[in-house]
Asks: 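Sharing a structure, written as structure tokens. Questions coming.
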Amino acid sequence: MSFINENFLELQDSYLFSTIAKKVAKFTEENPDKKVIKLGIGDVTKPIVPACIKAMQKAVEEMGAQEGFRGYGPEQGYDFLRKAIAENDYKSRGIEILDDEIFVSDGAKCDCGNIVDIFDKNNKVAITDPVYPVYIDTNVMAGRSGKYNKEKEIYENIVYLPVIAENEFKPELPKEKVDLIYLCFPNNPTGTTLDKNELKKWVDYAKENKSIILYDAAYEAFITEENIPHSIYEIEGAKEVAIEFKSYSKTAGFTGLRCGYVVIPKDIKGLAKNGEEVSLNKLWNRRTCTKFNGVPYIIQRAAEAVYTEDGKKQIKENISYYLENAKIIKRGLEEAGYEVYGGVNSPYIWLKIPEGMTSWEFFDKLLKEANVVGTPGSGFGPHGEGYFRLTAFNTKENTIEAIERIKKLNK
Ligand code: MLT
């Protein structure tokens with residue numbers, strides 16, 4: 001008999017978005033005549049832009065010709081893409097990131113989940129709450145969370161940092177010393193941001209406490225306001241303390257193509273038990289070579305095309321389209337009397353639900369009475385209770401229709 005990884009038994013229910021998908025499938029099966037509009041999971045609806053399609057078509061042709069065929073690629077990503085990233089996502093913002101500090105991957109979800117491999121089980125982890133569930137679940141799987149407290153709905157060894165209206169969605173620095181800090185800005189799920197001064201406090205804390213920030217910047221392409229950092233490396237000293245995750249999923253609609261990257265600067269070090277400082281870049285490289293064979297060549301060519309002139313223009317148009325949807329949702333909900341957050345630098349709108357309901361009850365009501373799918377706040381953690389998330393990723397027509405239906409709901 002083989003024994004299982006008991007840590008998995010500490011996980012709560014099923015993964016949030018699978019639970020929602022199951023509920024929606026059941027509702028659709030029972031109500032085949034109803035048109036359900038999904039503003040739940042942050043999945044895009046606009047097709048891949050022509051610049052990326054052209055690049056993939058060319059890459060497909062290459063793969064079919066003897067001289068262009070490629071087998072295993074470099075595990076860390078092809079040089080052409082790493083260079084394009086360093087140049088366009090960093091150098092253009094005055095940030096020096098070396099090509100070999102960038103690791104191309106099949107998306108930020110995997111990177112955020114896999115990064116726990118290179119850290120000791122006993123590190124103290126701080127996580128903003130509500131939060132993208134992957135950060136918590138992967139720490140549970142790794143045995144770093146401690147037991148689940150059913151009453152408080154928290155894991156004993158995790159430090160939760162509330163991101164709520166009462167603190168204007170700016171998490172406070174931990175009162176105790178923590179080793180790993182997950183930050184995601186623009187934030188999933190609240191759609192709120194930190195400005196440069198606010199993010200600097202976190203970098204300073206990490207430097208003082210020798211902690212490491214795991215910074216998820218998957219939504220940076222949606223930033224519209226000045227002084228909101230697109231990368232944590234815009235903050236002085238961040239290269240010594242922060243790992244950054246980026247994704248083409250929301251930026252360029254690659255949710256189905258799968259590509260992202262993680263930046264691990266060479267200046268960032270972890271500690272071995274003997275006191276020796278060890279390069280995290282080296283550890284991650286070692287892990288990557290062992291467990292990953294790289295993103296398909298064709299997809300990496302598509303990602304490279306994101307940075308061409310045509311690619312940039314076409315992607316900007318898509319982002320503006322989604323941001324317009326975000327405005328429609330925000331305005332519509334405000335007109336309907338809801339308290340609404342996010343949606344300005346983010347595709348996510350975070351609303352306060354009517355008093356006296358749980359966020360899952362609101363989910364059921366919305367699905368049943370308006371045939372609209374959203375995401376209950378409590379699915380993102382205990383401080384998400386009382387809130388609800390809608391995404392701007394559906395079509396404009398569906399977004400308008402969904403909001404009209406929500407406006408007609410009896411609160
Ligand atoms: C979300 O809806 O929070 C995201 O789309 C999930 C993901 O990126 O995995």
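Indexing begins at 1, ligand by ligand and atom by atom, following the structure's order. One-based numbering along the sequence shown.
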Asks: Taking 4.0 Å as the limit for heavy-atom contacts, which would you say applies to N188 with ligand 1: side chain only, backbone only, both, or neither?
Replies: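 Just the side chain.
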
Asks: Mark up the atoms of ligand 1 that fall under 4.0 Å of a heavy atom belonging to Y348, in ascending order.
Replies: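 That gives atoms 1 (C), 2 (O), 3 (O), 4 (C), 5 (O) of ligand 1.
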
Asks: Show which side-chain atoms of residues 43-60 pair as donor or acceptor with protein atoms under 3.5 Å away, not counting sequence neighbours.
Replies:
residue : atom : partner : partner atom : Å
D43     : OD1  : T255    : OG1          : 2.6
T45     : OG1  : F393    : O            : 2.6

Asks: Is there a polar contact, in the sense of an N or O pair closer than 3.5 Å, between Y132 and ligand 1?
Replies: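 Looking only at distances, the answer is yes, because the N/O contact criterion of under 3.5 Å is met.
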
Asks: How does F380 reach ligand 1, by side chain, by backbone, by both or by neither, if only non-hydrogen atoms under 4.0 Å count?
Replies: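 Looking at F380 and ligand 1, no heavy atom falls under 4.0 Å.
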
Asks: Only one of V344, I319, N345 clears side chain to side chain contact (heavy atoms under 4.5 Å, CB included) with F222; which?
Replies: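 With F222 as partner, V344, I319, N345 yield a single side chain to side chain contact (heavy atoms under 4.5 Å, CB included), made by I319.
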
Asks: Does a side-chain heavy-atom distance below 4.5 Å link Y135 with T128?
Replies: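 A side-chain contact under 4.5 Å is absent here.
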
Asks: Is any side-chain heavy atom of F185 closer than 4.5 Å to one of P171?
Replies: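 Touching, per the 4.5 Å side-chain cut-off.
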
Asks: Checking ring pair (Phe, Tyr, Trp, His ring centres under 6.0 Å) against W350, which of Y341, F388, Y387 comes through?
Replies: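 The option that passes is Y387.
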
Asks: Just jot down the ligand 1 atoms closer than 4.0 angstrom to any heavy atom of G42, in number order.
Replies: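 Counting from 1, the qualifying ligand atoms are 1 (C), 2 (O), 5 (O).
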
Asks: Do any nitrogen or oxygen atoms of I41 come within less than 3.5 Å of a nitrogen or oxygen of ligand 1?
Replies: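 N/O-N/O distance below 3.5 Å does not exist for this pair.
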
Asks: Please report whether ligand 1 has a polar contact with K109, defined as an N or O pair separated by less than 3.5 Å (distance criterion only).
Replies: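 In fact, backbone or side chain, K109 has no N or O that close.
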
Asks: Checking a contact table here: which protein heavy atom is nearest atom 5 (O) of ligand 1, and how many Å away?
Replies: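 Looking at atom 5 (O) of ligand 1, the protein heavy atom closest to it is K250 NZ, 2.7 Å.
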
Asks: Decide if atom NZ of K368 counts as having more than 12 heavy atoms of other residues, nucleotides or ligands within a radius under 6.0 Å.
Replies: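 Not more than 12 within 6.0 Å, no.
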
